[in-house]
Trainee: 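Here's a structure for you.
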Amino acid sequence: MSQQDDLFKNIVSHCKEYGFIFPSSEIYDGLGAVYDYGPYGIELKKNIQDFWWKAMVQLHENIVGLDSAIFMHPTTWKASGHVDAFNDPLIDNKDSKKRYRADVLIEDVVEKYRQKNDKEVEKAQKRFGDAFDEAQFRATNPNILRNQAKMDEIETRFKAALEAGDMAEIKQIIEDLEIACSVSGTRNWTEVRQFNLMFSTQLGSVADESSTIYLRPETAQGIFVNFLNVLNTSRQRIPFGIAQVGKAFRNEIVARQFIFRTREFEQMEMQFFVRPGEEMQWYNYWKDSRMKWHRALGFGADKLRFHDHLKTAHYANAAVDIEFDYPFGFKEMEGIHSRTDYDLTQHEKHSGKKLRYFDPEINEHYVPYVVETSVGLNRTFLAVLCNSYKEETLENGESRVVLALPAFLAPIKVGVLPLMKKDGLPEKAREVMSLLKFDHQLFYDEKDSIGKRYRRQDALGTPYCITIDHQTLEDNTVTLRDRDTMAQERVSIDTLEAIVGKKVGWKHLL
RNA sequence: GCGGAAGUAGCUCAGCUGGUAGAGCGUCAGCCUUCCAAGCUGAAUGUCGCGAGUUCGAAUCUCGUCUUCCGCUCCA
């Protein structure tokens, strides 16, 4: 574990030292869990984003793009459920110092009653055998009815308290239910405090005329509210998808682990609209398709896994995560959800607009079902970094730090290096630059020994270096050095465009 | 929010019982050099996280505060 910690520390240091990621506002001591992307970080992030966009939009005739605003009408978040669900009432046990979600504590009690009832049903089933009618049993058994009444009472009371925002009442419920902390075993609780995970701000500059609006906590809703606009203008027919990359904001209680969990983050989302009843087939399709995409980023099979959600969110009927094996363990990188017609139906209710599709094949109107793929750009960035950062020991005993990035993701594609900065070699190198610079991000370097320059490019993840030497002046050939094998081949300058273009392309990956 | 650890150059860190701020690597300039962090010369870079206190004198002692990391808590 400590070795993993060290590795992760080194990756974080490497990010800062080589211009990938800086702590935000660092001259003012930084801002907690906010990061800026430096010269090479932005290139890498952009390349990951482009690769996603191409894989989704460019390679699918039936997926179109969108860039919706971060600010949205406040009712959006009522409709989506975020105003309710993103408000967590928290409570601390004073003895164990453990913090709990008050709603989870209360729901655990409800769950216990539910389990009791299930046991009753099980027992009865054994007793009655095939003749057993579960529905009838549940409707008549006095034990079950008593428990059910208890559950209903708790839930009704809790719901009312939540809606009224009555934190004192929620604490009272916890006390009345005699809930104890599982660690200390005591019932010595603090007051219940409300945490809103959405950032709010004012729209309108005059305070009393302004209204509270939220920074979007997910990009998905921008897609749903534009469903009709896109449908009416893109000539798409179901099944089709809308893709979007953008920032989202969540006021996490704890933001940790470098760029893994931050309060401001970037999502790459695609909402795929399908005929009701066909959602599971598409859910499975996207599960496979998205896993292939992650594999194309160079992640080995052992680094990725699916993690099924046992308990799905309020909007979904199936959910799975694609997890990556970060130095701090397997963690979610992407979520794939079957969101049913929840979102569109909610927006219908709140907006009064019909969000339907007329399906000419079956001659029916319906609210489409939605399969969502939502991947964290920053999390993917971190995974790519963790996967490619290597501290190698070479045959001669020296060590080198190399970012073994897939070539198509590398911030710099080619380092152009004159062997020496005299004899016309720099001039010749500039010629090579002008040949390649329209297609690729290049880096010119003539300082220090050639070995040192190679190592500098290794640390940035540059997959290829072109070295111009004296022979170049004679026969117009250069050496092309491979980052991973450190092997060199001599090629003609005339063939460079084709060779490099092929090596850093992504055509063969998907 | 709780507990633990840490904040000194771009990075990694040293700096004793208080006495003018250091190393390695990196960066920059020059010399040398015909392919994997070579060598030589020179240079830049620090309110020692911040603020108070003790003291003739604080990177060092005391208190406060901020930030980061680890664990807990939370996580659509």
Side-chain angles (χ1 to χ4, degrees), chain A residues 1-2 5-6 8-10 12-19 22-23 25-33 38 80-82 85-86 88-101 103-104 181 183 190 193 195 197 217-218 220-221 248 250-258 260-261 263 267 269 309 311-316 319 321 328 331-332 335-337 339 342-343 372 374 376 394-396 398-402 417-423 425 447-459 465-472 478-479 481-483 486-488 490:
Chain A
M1 187 63 194
S2 77
D5 283 351
D6 283 350
F8 190 53
K9 261 187 175 170
N10 291 347
V12 174
S13 295
H14 191 85
C15 280
K16 165 126 197 263
E17 194 172 354
Y18 286 91
F22 310 124
S25 319
E26 203 185 4
I27 61 168
Y28 294 109
D29 279 337
L31 185 62
S80 70
H82 284 85
F86 251 35
D88 289 340
L90 300 182
I91 191 167
D92 294 359
N93 182 275
K94 287 180 187 168
D95 299 314
S96 67
K97 309 285 186 197
K98 284 249 179 196
R99 170 167 293 176
Y100 296 90
R101 270 173 59 174
D103 55 323
V104 170
C181 169
V183 173
T190 63
R193 284 162 301 171
F195 281 71
L197 292 186
E218 65 174 22
Q221 299 306 323
R250 284 178 205 168
N251 203 356
E252 304 280 359
I253 297 158
V254 176
R256 283 272 171 85
Q257 274 145 344
F258 197 37
F260 182 80
R261 174 167 293 114
R263 298 186 173 95
Q267 292 182 308
E269 286 201 337
H309 286 211
K311 211 172 139 190
T312 53
H314 63 267
Y315 55 72
D321 291 340
F328 42 85
K331 299 275 181 186
E332 174 184 3
I336 297 159
H337 302 123
R339 294 181 78 124
Y342 178 85
D343 299 276
E372 166 190 78
S374 173
L394 302 177
E395 283 173 15
N396 61 9
E398 282 175 347
S399 64
R400 70 163 183 164
V401 171
V402 55
L417 319 170
L419 191 57
M420 290 188 299
K421 53 179 163 184
K422 59 179 187 185
D423 303 336
L425 296 183
K447 171 133 174 65
D448 293 314
S449 74
I450 191 69
K452 198 174 216 173
R453 281 179 275 164
Y454 285 147
R455 298 300 169 82
R456 270 203 283 262
Q457 294 306 312
D458 290 342
C465 286
I466 292 171
T467 304
I468 288 83
D469 57 18
H470 288 93
Q471 192 183 331
T472 309
V478 294
T479 62
R481 180 251 192 194
D482 183 279
R483 174 197 62 205
M486 296 168 69
Q488 287 174 284
R490 187 161 275 278

Trainee: Distance between the C1' atoms of B:C28 and B:G19, in whole angstroms?
Mentor: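 Approximately 35 Å lies between the C1' atom of B:C28 and that of B:G19.
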Trainee: Can you tell me how far CG of A:D448 sits from NZ of A:K421, rounded to the nearest 0.5 angstrom?
Mentor: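 Between A:K421 NZ and A:D448 CG, I get 8.0 Å after rounding to 0.5 Å.
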Trainee: Which base, if any, makes a Watson-Crick or G-U wobble pair with B:G39, both distances under 3.5 Å?
Mentor: B:C31
Trainee: In this structure, which one of A:R483, A:R481, A:K452 forms a salt bridge (Lys or Arg N to Asp or Glu O under 4.0 Å) with A:D458?
Mentor: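 Answer to the salt bridge (Lys or Arg N to Asp or Glu O under 4.0 Å) test with A:D458 among A:R483, A:R481, A:K452: A:R481.
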Trainee: Sticking with atom P, work out how far B:G30 lies from B:A5, rounded to a whole angstrom.
Mentor: 50 Å
Trainee: Tell me the partner of B:U20, counting only Watson-Crick (N1-N3 plus N6-O4 or O6-N4) or G-U wobble (N1-O2 and O6-N3) with both under 3.5 Å; none if nothing fits.
Mentor: none
Trainee: From CD1 of A:I336 over to C1' of B:A76, roughly how many Å is that when rounded to an integer?
Mentor: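 To the nearest whole Å, that distance equals 14 Å.
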Trainee: Between A:K331 and A:S13, which has a closest nucleotide on RNA chain B that is more 5'?
Mentor: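 Its nucleotide being nearer the 5' end, the pick is A:S13.
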Trainee: Return the value, rounded to whole Å, for the distance between atom CZ of A:R339 and atom C1' of B:A76.
Mentor: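 To the nearest whole Å, that distance equals 8 Å.
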Trainee: Whole-Å distance between B:C32 P and A:K421 NZ?
Mentor: 10 Å
Trainee: Report the distance from atom NZ of A:K422 to atom P of B:U34, rounded to the nearest whole Å.
Mentor: 7 Å
Trainee: Measuring only the P atom in each nucleotide, how far is B:G46 from B:G53? A whole number of Å is fine.
Mentor: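 About 26 Å, rounded to a whole number of Å.
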Trainee: Separation of A:K447 atom NZ from B:U33 atom P, in whole Å?
Mentor: 16 Å
Trainee: Checking A:L417 against A:I450 for the side-chain contact (heavy atoms from CB on, under 4.5 Å) test, could you report, in this order, the C-alpha distance in whole Å, the side-chain angles of both residues, the deciding distance, and whether it holds?
Mentor: CA-CA 8 Å; A:L417 319 170; A:I450 191 69; 3.9 Å; yes
Trainee: Atom NE2 of A:H14 and atom C1' of B:G26: how far apart are they, to the nearest Å?
Mentor: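 Rounded to whole Å, this separation is 13 Å.
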Trainee: Going by the rule ring-ring contact (aromatic ring centres under 6.0 Å, His included), which residues pair with A:F260 if we only count those two or more places apart in sequence or in a different chain?
Mentor: A:Y326, A:F328
Trainee: Under 3.5 Å, is there a donor-acceptor pair linking the side chains of A:T472 and A:D469?
Mentor: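 Indeed, the side chains of A:T472 and A:D469 share at least one donor-acceptor pair under 3.5 Å.
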Trainee: Tell me if a side-chain donor or acceptor on A:R453 pairs with a main-chain N or O of A:K447 at a distance below 3.5 Å.
Mentor: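 Side chain of A:R453 to backbone of A:K447, a donor-acceptor pair under 3.5 Å: yes, one is there.
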Trainee: Rounded to whole angstroms, how far apart are NZ on A:K16 and C1' on B:U68?
Mentor: 12 Å
Trainee: Determine the Euclidean distance between corresponding P atoms of B:U67 and B:G42; express it in Å to zero decimal places.
Mentor: 44 Å
Trainee: With C1' as the reference atom in both, quote the distance from B:G24 to B:U20 in angstrom, rounded to an integer.
Mentor: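 Approximately 24 Å lies between the C1' atom of B:G24 and that of B:U20.
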Trainee: Can we say A:E218 and A:R339 salt-bridge, meaning some charged N sits less than 4.0 Å from an Asp/Glu carboxylate O?
Mentor: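 Salt bridge flag = yes for A:R339 with A:E218.
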Trainee: Sort out the partner of B:C50 for me: Watson-Crick or G-U wobble, both distances under 3.5 Å, none otherwise.
Mentor: B:G64
Trainee: For A:N10 and B:U12, what is the distance between atoms CG and C1' respectively, to the nearest whole Å?
Mentor: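 It works out to 9 Å between those atoms.
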Trainee: Taking protein heavy atoms under 4.0 Å as touching, what does nucleotides 35-46 of chain B look like 5' to 3' if B marks base contact, S marks sugar-phosphate-only contact and - marks none?
Mentor: BBBB--------
Trainee: Provide the Watson-Crick or G-U wobble partner of B:C2, both distances under 3.5 Å; none if there is no partner.
Mentor: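 Base partner found: B:G71.
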Trainee: The criterion is ring-ring contact (aromatic ring centres under 6.0 Å, His included); which residues satisfy it with A:Y454, sequence neighbours excluded?
Mentor: none
Trainee: My understanding is that a pair needs two contacts under 3.5 Å, Watson-Crick or G-U wobble. By that rule, which nucleotide pairs with B:U45?
Mentor: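 When the pairing criteria are applied, nothing turns out to pair with B:U45, so the answer is none.
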Trainee: Would you mind pulling out the nucleotide paired to B:G10, Watson-Crick or G-U wobble, both distances under 3.5 Å?
Mentor: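 Answer to the pairing question: B:C25, which forms a Watson-Crick or G-U pair with B:G10.
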Trainee: Please report the distance separating the P of B:U27 from the corresponding atom of B:A38, rounded so that it comes out in whole Å.
Mentor: 10 Å
Trainee: Pick the C1' atom in B:U62 and in B:C69, then give their distance to the nearest Å.
Mentor: 25 Å
Trainee: For nucleotides B:G15 and B:A59, find the distance between their C1' atoms and express it as a whole number of Å.
Mentor: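 Result for the C1' pair: 8 Å, nearest Å.
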